[in-house]
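So the structure is just underneath, and the comments pick up after that.
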Amino acid sequence: MKKINGQLLKRMFISGANNLFNHYPEIDALNVFPVPDGDTGMNMNLTLASGCKEISSLADKDVWAIGKVFSRGLLMGARGNSGVITSQIFRGFSQALENKKDINAVELSEAFEKGVEVAYQAVIKPVEGTILTVIRESSGVLHKEVDESTSIEKAMEIITREAKNSLAHTPELLPILKEVGVIDSGGAGLVKILEGMALALENKDVIRNESLNSEGQSPISAAGAQMEDEEFGYCTEFIMSLGPDSVKKPFNQPKFTETLANKGTSLVVVRDEDIVKVHVHTLTPGNILNYAQQFGEFLKLKIENMTEQHHALETGATVEQHVDLVPEPNQPKQPFALIAVSSGDGIDEFFNEVGISTIVKGGQTMNPSSEDFVEAIKKANAETVYLFPNNSNILMAANQACDMIEDKEVNAFVIPSKTILQGISAAINFNPEATPEENFKVMKKALKNVKSGEVTFAIRDSEIGGVKVKKDDFIGIFDKDIVVDDKSKKVVLLSLLDKMVDDMSSIITLIYGADVEVELVSEIRQILEEKYPDVDLDIRNGQQPVYSFLVGVE
């Protein structure tokens, strides 16, 4: 075939997205660090799903119409660095289709070349040995080999073949890949997309394998969620509308029910098409709601304090009913707002203390999309907003969201915080009397004052930077390096602090996660107070998943 029209291009996009979906768990497993945050495949999957949702019902026959809508969907749903770069590749691809009804192999090659250009422009410091290399090298070969006589099938065969060759070469360009023995995960995801697109041209369109665990990650755990018989807690009830798929995770009812069962008692979960009704008794309703909101939005919500109700039965007192209220629309804009990504109820509270007014749920393993940030900016309803992504893998999505804001009266800044502790330190330096530009400079500068570390667990045996890591051990990470491994999280934390604290240190901030026992926290507090008597110690219950400790030293 010499040309493709809009409907065939639509099939190619959907087939590519489906092929990625069917392989995203193995792409997640290509994570360099042996930690439970390998989410490249899921991020790219959700990004592509957002684009396909937008074009699924389009009947347009022009490639320009399909490409434009697909690109917009990708931009809105982009998650993580891999998702944002993928969205930029197809943004450039669609730009090359402008005003075209159909394209031949040469024009297809030009579209991929434009994708390379736009993607590289979006990354401040491009790194070779990544998805960028794979699309650049494969597009370059296609550009050299294609001519007017080349069929579309041949063109896709060339770019897919060369993408595989480039992917195999990524460990030679990025030493850390070679050290760990993996290929680049983003590049692997791109190969799956190209494979699926090529198969559509052979009338072998890839179909989604819905039997896969569509959540793609472990549910957020909550230590202490089980209630003892004598504890009353909160009766939590809500009705939730599932989706949309472009911004929410696919709903897996058995896994959803299992997760909630671990967080409370008296659980009832009923699904009617896209509506889910839940009743549960829990000591931590915030954890329940945070988890559930990953899959949809609440239509009705009620939380009642059963302890108060029990007391009322005994005393005759009146109990106030607790119901979520939706802000009134068309309110005047506030002068400023601070928006931060957070991964735990305790971290939310910490952020609120330092002036953060709007929280975006996310973090490692749960990267918010560009649209999540756009919606948060709308919700903040302010003339000037500051975004704190608090994760290096979320930074690009936050930047992209600022470029997508349609309200020209909103002045948006991204404070490039890469950790929770950096975000907190920066937010503390906000001055409501200063100009927006002055605040941006001061808060950005404050990021350099914080040393950040984490304690988490290893998901596989590995050796990185001379440190041998054993599966299920705890590991300490400092300045992007694994510096300690041990079966004891206490030993790992203390060893990590030994490497972070020096004579200039004045403050240690320790945020412990959902898996850390209160007794251990007390023991650690006593040890640190004795070991670092001249350093201020601030220990908080962040209730975050995945990371046992988030550590900041200033």
**Asked** With no hydrogens and no angle check, do the side chains of Asp502 and Ser505 hold a donor and an acceptor under 3.5 Å apart?
**Response** yes
**Asked** What are the two closest non-hydrogen atoms of Met197 and Met12, and how far apart are they?
**Response** CG-O, 3.2 Å
**Asked** At what distance, to the nearest 0.5 angstrom, does OG of Ser342 lie from CD of Gln544?
**Response** 9.0 Å
**Sidechain-backbone polar pair: Gln400 side chain, Leu75 backbone, donor-acceptor under 3.5 Å** = yes
Name each donor-acceptor pair under 3.5 Å that joins a side chain in residues 470-477 to protein atoms two or more places apart or in another chain, with its distance.
from   : atom 1 : to     : atom 2 : distance (Å)
Asp473 : OD1    : Lys487 : NZ     : 3.4

**Item:** Phe112: ring pair (Phe, Tyr, Trp, His ring centres under 6.0 Å) partners, not counting sequence neighbours
**Value:** Phe93
**Request:** Could you check if a side-chain atom of Asn43 sits within less than 4.5 angstrom of a side-chain atom of Asn393, using non-hydrogen atoms only?
**Result:** yes
**Request:** Spell out, as yes or no, whether a donor-acceptor pair under 3.5 Å connects the side chain of Asn81 to the backbone of Ser392.
**Result:** yes
**Asked** How would you list, by chain and number, every residue that makes a side chain to side chain donor-acceptor pair (under 3.5 Å) with Ser82, sequence neighbours excluded?
**Response** none
**Item:** Test side chain to side chain donor-acceptor pair (under 3.5 Å) applied to Thr170 - qualifying residues, sequence neighbours left out
**Value:** none
**Contacts of Asp486 that satisfy salt bridge (charged side-chain N to carboxylate O under 4.0 Å, His left out) - sequence neighbours left out** = none
Result block: side-chain N/O donor-acceptor pairs under 3.5 angstrom for residues 187-194, not counting sequence neighbours:
none

**Item:** Spatial distance of atom OG1 (Thr509) from atom CG (Leu550) [nearest 0.5 Å]
**Value:** 11.0 Å
**Prompt:** So do Val483 and Met500 actually touch side chain to side chain, heavy atoms under 4.5 Å?
**Reply:** no
**Prompt:** Atom CG of Leu48 and atom CG of Asn18: how far apart are they, to the nearest 0.5 Å?
**Reply:** 9.5 Å
**Message:** Tell me whether Ser50 contacts the main-chain N or O of Leu46 through its side chain, where contact means a donor paired with an acceptor under 3.5 Å.
**Reply:** no
**Item:** Asn45 (side chain) donor-acceptor with Gly41 (main chain) under 3.5 angstrom
**Value:** no
**Item:** Separation of Phe549 CZ from Leu494 CG (nearest 0.5 Å)
**Value:** 8.5 Å
**Request:** Ignoring hydrogens and angles, tell me if any N or O in the side chain of Ser166 forms a donor-acceptor pair with the backbone of Ala163 under 3.5 Å.
**Result:** no
**Request:** Can you sort out the partners of Asp538 under salt bridge (charged side-chain N to carboxylate O under 4.0 Å, His left out), two or more places apart, ordered by chain and number?
**Result:** Arg540
**Chi angles and distances behind the side-chain contact (heavy atoms from CB on, under 4.5 Å) call for Leu387, Ile377** = CA-CA 9 Å; Leu387 302 183; Ile377 292 170; 4.1 Å; yes
**Request:** Taking Asp28 for its side chain and Thr40 for its backbone only, find out whether a donor-acceptor pair lies under 3.5 Å.
**Result:** yes
**Asked** Is a side-chain N or O of Ser15 found less than 3.5 angstrom from the main chain of Gly196, in a donor-acceptor match?
**Response** yes
**Complete:** Paired with Leu510, the side chain to side chain contact (heavy atoms under 4.5 Å, CB included) test is passed by just one of Leu493, Val553, Val516, namely Leu493
**Request:** Find out whether Ile464 and Val180 are in side-chain contact, i.e. whether some heavy atom of one side chain is under 4.5 Å from a heavy atom of the other.
**Result:** yes
**Donor-acceptor contact below 3.5 Å, side chain Asp372 vs main chain Ser369** = yes
**Asked** Can you check whether Tyr24 reaches Met44 side chain to side chain, under 4.5 Å on heavy atoms?
**Response** no
**Asked** Just checking, is any N or O donor in the side chain of Gln88 or Gln121 under 3.5 Å from an acceptor N or O on the other one?
**Response** no
**Complete:** Those residues at least two apart in sequence (or on a different chain) that pass ring pair (Phe, Tyr, Trp, His ring centres under 6.0 Å) with Phe440 are Phe413
**Asked** When rounded to the nearest 0.5 angstrom, what distance separates CZ in Arg91 from NZ in Lys114?
**Response** 9.5 Å
**Message:** When you compare the side chains of Asn391 and Asn367, does any donor N or O come within less than 3.5 Å of an acceptor on the partner?
**Reply:** no
**Item:** Partner of Ile420 by side chain to side chain contact (heavy atoms under 4.5 Å, CB included), out of Phe350, Tyr547, Phe388, Phe351
**Value:** Phe351
**Message:** Looking at every heavy atom in both Ile347 and Ile511, which two are closest together, and how far apart are they?
**Reply:** CG1-CG2, 4.0 Å
**Request:** Would you please name every residue forming a salt bridge (charged side-chain N to carboxylate O under 4.0 Å, His left out) with Lys468, sequence neighbours left out?
**Result:** none
**Request:** Check the pair Ile158 / Arg161 against side-chain contact (heavy atoms from CB on, under 4.5 Å), numbers first and verdict last.
**Result:** CA-CA 5 Å; Ile158 293 170; Arg161 179 195 70 210; 3.8 Å; yes
**Request:** Give a yes-or-no answer on whether the side chains of Glu172 and His169 include a donor-acceptor pair shorter than 3.5 Å.
**Result:** no
**Item:** Validation row, ring centre Phe13 to ring centre Phe90 under 6.0 Å
**Value:** yes
**Request:** Measure from the side-chain N and O atoms of Ser425 to the backbone N and O of Leu447, and report whether any donor-acceptor pair falls under 3.5 Å.
**Result:** no
**Asked** Is any side-chain heavy atom of Ile89 less than 4.5 Å from a side-chain heavy atom of Ile131?
**Response** yes
**Request:** For the pair Val123 and Met396, evaluate side-chain contact (heavy atoms from CB on, under 4.5 Å) and give the outcome as yes or no after the intermediate values.
**Result:** CA-CA 8 Å; Val123 181; Met396 289 186 71; 4.0 Å; yes
**Message:** Considering only residues two or more places apart or on different chains, which pairs with a residue in residues 392-403 satisfy salt bridge (Lys or Arg N to Asp or Glu O under 4.0 Å)?
**Reply:** none
**Complete:** Here the gap from Phe478 atom CZ to Ser452 atom OG, rounded to the nearest 0.5 Å, amounts to 8.5 Å
**Message:** With a 4.5 Å cut-off on side-chain heavy atoms, are Asp515 and Lys489 touching?
**Reply:** yes
**Prompt:** Within the side chain of Thr456, is there an N or O that forms a donor-acceptor pair under 3.5 Å with the backbone of Val546?
**Reply:** yes
**Item:** Glu195 versus Thr160, side-chain donor and acceptor atoms under 3.5 Å
**Value:** no
**side-chain hydrogen bond (donor to acceptor under 3.5 Å, both in side chains) between Thr133 and Glu128, worked out** = CA-CA 5 Å; Thr133 304; Glu128 296 303 330; 2.4 Å; yes
**Request:** Sequence neighbours left out, what passes salt bridge (charged side-chain N to carboxylate O under 4.0 Å, His left out) with Glu157? Give chain and number order.
**Result:** Lys154
**Request:** Kindly indicate whether the side chain of Ile159, heavy atoms from C-beta on, has any atom under 4.5 Å from the side chain of Glu162.
**Result:** no
Contacts under 3.5 angstrom, residues 524-536 side chains, donor-acceptor by atom type, not counting sequence neighbours:
from   : atom 1 : to     : atom 2 : distance (Å)
Lys531 : NZ     : Asp498 : OD1    : 2.6
Lys531 : NZ     : Asp498 : OD2    : 3.3
Tyr532 : OH     : Asp498 : OD1    : 3.1

**Message:** Applying side-chain contact (heavy atoms from CB on, under 4.5 Å) to Asp348 and Lys361, what does each step give before you reach the verdict?
**Reply:** CA-CA 9 Å; Asp348 294 355; Lys361 282 298 179 182; 2.5 Å; yes
**Request:** Could you check whether the rings of Tyr291 and Phe256 sit parallel, tilted or perpendicular, using 30° and 60° as the cut-offs?
**Result:** parallel
